[in-house]
2 protein chains.
Amino acid sequence: MNNLKRQLIPEPDSTRPPRWLNNHEWSAWLHLLATFTLLPAAIDSQLQREAGMSHFEFGVMAALSRQPGRRLQLKDLAVVANGSLSRLSHVISRLERRGWVRRVSGTKGRATNAELTDKGYRKLMEAGPVHFREVRRLVFDVLTPQEVKDLRRVTGRLNAGLIPETNLGPLARRVRAGALRQSS
Amino acid sequence: MNNLKRQLIPEPDSTRPPRWLNNHEWSAWLHLLATFTLLPAAIDSQLQREAGMSHFEFGVMAALSRQPGRRLQLKDLAVVANGSLSRLSHVISRLERRGWVRRVSGTKGRATNAELTDKGYRKLMEAGPVHFREVRRLVFDVLTPQEVKDLRRVTGRLNAGLIPETNLGPLARRVRAGALRQSS
DNA sequence: ATTAGCAACTTGAAGCTTCAACTTCAAGAA
DNA sequence: TTCTTGAAGTTGAAGCTTCAAGTTGCTAAT
């Protein structure tokens with residue numbers, strides 16, 4: 001299976017560049033890289049084909065569907081969806097055009113809320129099973145329960161490092177900080 | 001830490017949509033999702049800022065640098081880089097414009113090889129340490145050796161399922177099959 | 001010796017994301 | 001009050017990726 005990599009990326013020698021990581025790390029990194037390239041691509045394209053939406057759009061709508069009133073302020077939605085405010089703004093515009101979400105301007109400050117419409121909700125309910133069947137097939141069916149636990153642990157550790165410093169647009173740091181403060 | 005998620009995504013009740021996955025899976029999925037959204041974004045933006053190239057471009061050049069003659073046919077490069085041929089073709093054009101790679105038409109069939117130039121090699125040598133310092137900081141410094149092993153195992157399993165069926169452009173399946181055949 | 005079919009690209013358009021700049025609103029300082 | 005600052009969004013342009021539709025060069029039938 002990994003003969004491919006072995007053949008196409010031969011061991012370095014004096015005339016070739018150094019490896020920058022030790023063997024264990026290098027191997028883990030190659031695998032991780034492949035996973036986070038291939039998995040999102042697979043999920044995205046399936047959802048696009050069978051439900052006509054991207055995975056990010058799905059995530060946004062799913063997050064809304066779980067909120068009371070099916071609405072949430074954009075800055076919070078950005079945090080939940082792991083995206084920048086700018087990206088979100090564009091996405092909400094697209095979803096609005098399709099009639100799945102509408103903007104409702106909030107009361108305080110410049111707040112804008114995104115609200116899932118009934119049409120959007122129906123669409124989401126239709127897409128959900130399709131999507132999660134695929135997630136199950138690609139992820140949970142191939143892993144043992146122990147591996148799922150390991151996965152959760154390791155990704156949890158990684159996120160703990162990533163979240164506090166990720167710059168999802170210049171605002172995210174403050175946003176995350178604020179959201180954490182009010183929720184603790 | 002996860003209070004955030006807990007607050008912003010409350011438990012479902014009768015009026016809210018079902019969860020589609022069980023608790024363990026759901027939690028693992030949320031974490032995995034965050035990781036493969038945040039980690040590539042972090043890596044990409046750092047590499048872009050400090051070396052003026054995307055992570056994908058880095059990967060392509062790094063793969064070339066390890067080949068004899070620092071060159072490789074595009075279809076094989078596509079496999080190594082986990083990208084579609086089309087994407088690769090565009091990327092190679094960009095890298096050519098910057099003088100880091102050149103196209104060399106191969107001998108058989110319609111083969112085209114990409115070859116890393118000296119300038120590209122120097123650039124890569126400059127970017128490598130910068131990049132891998134960040135990888136180490138974000139990934140390997142936060143994980144224990146055991147967790148690195150787990151990560152490698154789990155991603156290995158996932159890839160085994162993903163690789164054979166991933167449709168990286170309509171050609172990838174055949175490409176992968178071919179590449180595997182000739183290397184086994 | 002044609003011709004059909006496939007493999008390996010290339011290309012242009014459409015769609016998404018990022019980036020930087022700009023607008024608006026709310027508070028607090030002066 | 002007026003000024004300043006910062007938070008929350010919006011927007012347009014630039015850059016990348018994907019998708020579909022070409023090319024072009026083998027190879028295997030007929």
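Fair warning: this is a prediction, and the values are worked out from it, not measured in the lab.
Every residue two or more places apart in sequence or in another chain that forms a side chain to side chain contact (heavy atoms under 4.5 Å, CB included) with B:Thr112 is listed here: B:Leu74, B:Arg103. Legend: residues meeting side chain to side chain contact (heavy atoms under 4.5 Å, CB included) with B:Gln48, ordered by chain and number and at least two apart, are B:Ser54.
In this structure, A:Arg49 atom CZ and D:dT18 atom P are separated by 13 Å, rounded to whole Å. For the pair A:Gln73 CD and C:dA26 C1', the computed distance is 13 Å after rounding to whole Å. We find that CZ of B:Arg110 is positioned 7 Å from C1' of D:dG25, with the value rounded to whole Å. Atom pair B:Leu72:CG and C:dA8:P shows a separation of 13 Å (rounding to whole Å applied). B:Asp76 has its CG atom 13 Å from the C1' atom of C:dC9, to the nearest Å. D:dT18 atom P lies 15 Å from atom CG of A:Leu47, rounded to whole Å. Remark: P of C:dT18 and CG of B:Asp44 are 9 Å apart, rounded to the nearest angstrom. The CE-P distance, from B:Met53 to D:dC16, rounds to 12 Å in whole Å.
Closest to the B:Phe56 side chain, of the nucleotides D:dT24, D:dA8, D:dT17, is D:dT17. Comparing C:dT10, D:dG9, C:dT18 by their closest approach to the side chain of A:Arg87 singles out C:dT18. Looking at the side chain of B:Thr112, the nearest of the listed nucleotides C:dA8, D:dA8, C:dT10 is C:dT10.
At a threshold of 4.0 angstrom between heavy atoms, the contacts of B:Ser86 include nucleobase atoms, whether or not backbone atoms are also involved. Among the heavy atoms of the strands, none lies under 4.0 Å from A:Gln48.
Between B:Thr35 and A:Phe36, the closest side-chain pair of non-hydrogen atoms is not below 4.5 Å. Inter-residue side-chain proximity for A:Arg71 and A:Leu116 is flagged as unmet; no heavy-atom pair is nearer than 4.5 Å.
Classification of B:Arg102 and B:Glu96 as a salt-bridged pair fails, no side-chain N sitting under 4.0 Å from a carboxylate O. We find that A:Lys123 and A:Glu57 are not joined by a salt bridge, their nearest charged nitrogen and carboxylate oxygen being 4.0 Å or further apart.
Residues from residues 89-108 of chain B lying near DNA chain D, meaning a heavy-atom separation below 4.0 Å, are B:His90, B:Val91, B:Arg94, B:Arg98 in numerical order.
Between the side chains of B:Arg97 and B:Ser93, not a single donor N or O lies within less than 3.5 Å of an accepting N or O.
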